[in-house]
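Reading through the structure tokens given below for one structure.
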There are 2 protein chains.
Amino acid sequence: MDEETRVNTVVSRLRDAGYRITPQRMALIEILCQSDRHPSAGQLHEQLKQRFPTTSLATVYKTLNVLKEVGEVMEIGFAGSDARYDSAHPDPHPHLICVQCRRIEDIDVQQLKPESQVEKIAERSGYRILSYRMDVYGLCPRCQQEMAESQAAAS
Amino acid sequence: MDEETRVNTVVSRLRDAGYRITPQRMALIEILCQSDRHPSAGQLHEQLKQRFPTTSLATVYKTLNVLKEVGEVMEIGFAGSDARYDSAHPDPHPHLICVQCRRIEDIDVQQLKPESQVEKIAERSGYRILSYRMDVYGLCPRCQQEMAESQAAAS
DNA sequence: ATAGATGCAAATATTTTGCCGCCTG
DNA sequence: CAGGCGGCAAAATATTTGCATCTAT
């Protein structure tokens, strides 16, 4: 799905749920769909202010909550850090997170099939499974290299 | 590993890292190892105050950070909510989380083998994988039943 | 026209930090 | 007895809420 189609999908979903499409919301949706990083509310606010300088952070949070409600953004929460948002790929999928530079990448689901495993869990636990989350933590190639270089310099 | 052994392991790890074993820390470690729930800092503080009424929440956080540092507690963070801690099972393992009552259960790793999948990710991404996290969200049997009953009453 | 949205500020919630007196090792 | 630790309060961070004004439908 290309970016424009994705934006239209989100807009329709909002409208159908009875929400208004304001310029600020429109802009936020576009920003969300453009970014393949996984921005925080603050980062989204910074970008939004470039187009609407008076926009408040509260509006960003309110809009994000609305988008969560209609299922068009996924929120990824971490302890001691702010939450990250992903609208380009609202369906559950695993993330690869660099513990050094905080970069968050999507993992190609082709590589990993958690769904079949999740079903097994449902059967044995009696839970009705709604979604899942999988994060893999590590050092990205860039940070590995930087650490190797700084170690070499120190010795 | 039984609870007493686990407590001793944590205590040794702290001592070896040069940290002191104070009565408050001892008590917190015991509380952590006893609970199979996944308590928050506030809940731990409540329990700790039963034995040491003057204990402050700051001390709980400081001790938890020390324990994280030596790798003897795992912190599980959520957006918009407080972090939960798990010392009984510090190795990475999946969690089953009820979105209604916030209960967090451990998933028997026998049911699920994320490690093999995680290795595949390492190969293809160039990341050095350090750990992973997997959460499955759903409704626990109890909450399913409660929802069914309240719906029946409403109709 | 009007229900709902924005933006500002203040409130909440969670976690961290500074400082001082106390206690463990 | 010395440096680390506990406790208190204040700060820092992240998110939500109240309210007056404005606007999309």
Within the sub-3.5 Å range, which N or O atoms of nucleotides 22-25 of chain D have a protein N or O partner, and how far apart are they?
{"unit_1": "D:dT23", "atom_1": "O2", "unit_2": "A:Arg20", "atom_2": "NH1", "d": "3.4"}
{"unit_1": "D:dT25", "atom_1": "OP1", "unit_2": "A:Ile21", "atom_2": "N", "d": "3.1"}

At a cut-off of 3.5 Å, list every protein nitrogen or oxygen paired with a nitrogen or oxygen from nucleotides 8-12 of chain D, distance to 0.1 Å.
{"unit_1": "D:dC8", "atom_1": "OP2", "unit_2": "B:Thr54", "atom_2": "O", "d": "3.1"}

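Between the CD atom of B:Glu69 and the P atom of D:dG4 there is a distance of 13 Å, rounded to whole Å. Atom CE of A:Met26 is separated from atom C1' of C:dT6 by 18 Å (rounded to the nearest Å). Atom pair A:Leu64:CG and C:dA5:C1' shows a separation of 15 Å (rounding to whole Å applied). Taking atom CG of A:Leu14 as the reference point, atom C1' of C:dG4 lies 13 Å away to the nearest angstrom. Rounding to whole angstrom units, CD1 of residue A:Ile29 and P of C:dA5 are separated by 12 Å.
Partners of A:Arg13 by salt bridge (charged side-chain N to carboxylate O under 4.0 Å, His left out), not counting sequence neighbours, listed by chain and number: A:Glu72. Applying the side-chain contact (heavy atoms from CB on, under 4.5 Å) rule to A:Asp16 yields no partners; only residues at least two apart in sequence or on another chain are considered. Residues satisfying the side-chain contact (heavy atoms from CB on, under 4.5 Å) criterion with B:Ser131, sequence neighbours excluded, are A:Tyr137, B:Pro92. Every residue meeting the side-chain contact (heavy atoms from CB on, under 4.5 Å) condition with B:Glu105, not counting sequence neighbours, appears here in chain and number order: A:Tyr127, B:Leu96, B:Arg103. For A:Lys68, the side-chain contact (heavy atoms from CB on, under 4.5 Å) criterion is met by A:Asn65, A:Val73, A:Glu75, not counting sequence neighbours.
Residue A:Glu3 holds its CD atom at 9.5 Å from OG of A:Ser35, rounded to the nearest 0.5 Å.
Remark: A:Asn65 is in phosphate contact with D:dT16, judged by side-chain N or O atoms under 4.0 Å from OP1 or OP2. OP1 or OP2 of C:dT16 has not a single side-chain nitrogen or oxygen of B:Tyr61 nearer than 4.0 Å.
A ring pair (Phe, Tyr, Trp, His ring centres under 6.0 Å) check over residues 9-44 of chain B, counting only residues at least two apart or in different chains, returns the pairs B:His38-B:His95. For residues 44-88 of chain A, no residue pair satisfies the ring pair (Phe, Tyr, Trp, His ring centres under 6.0 Å) rule, not counting sequence neighbours.
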Table please: side-chain donor-acceptor pairs of residues 21-28 of chain B below 3.5 Å, with sequence neighbours left out.
{"unit_1": "B:Thr22", "atom_1": "OG1", "unit_2": "B:Arg25", "atom_2": "N", "d": "3.2"}
{"unit_1": "B:Arg25", "atom_1": "NH1", "unit_2": "B:Arg20", "atom_2": "O", "d": "2.9"}

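Comparing the axis of the opening five pairs of the helix from C:dA1-D:dT25 to C:dG25-D:dC1 with that of the closing five pairs yields an angle of 40°, rounded to 10°.
Listed by residue number, the members of residues 41-51 of chain A with any heavy atom below 4.0 angstrom from DNA chain D form an empty set.
Using a 4.0 Å cut-off between a side-chain N of Lys or Arg and a carboxylate O of Asp or Glu, B:Arg133 and B:Asp135 qualify as a salt bridge. One finds no salt bridge joining A:Glu30 and A:Arg6 here, because no Lys/Arg side-chain nitrogen approaches an Asp/Glu carboxylate oxygen to under 4.0 Å.
For the pair B:Lys68 and A:Thr63, both in contact range of DNA chain C, the more 5′-proximal nearest nucleotide belongs to A:Thr63.
Between the side chain of A:Thr59 and the main chain of A:Thr55, no donor-acceptor pair closer than 3.5 Å is present.
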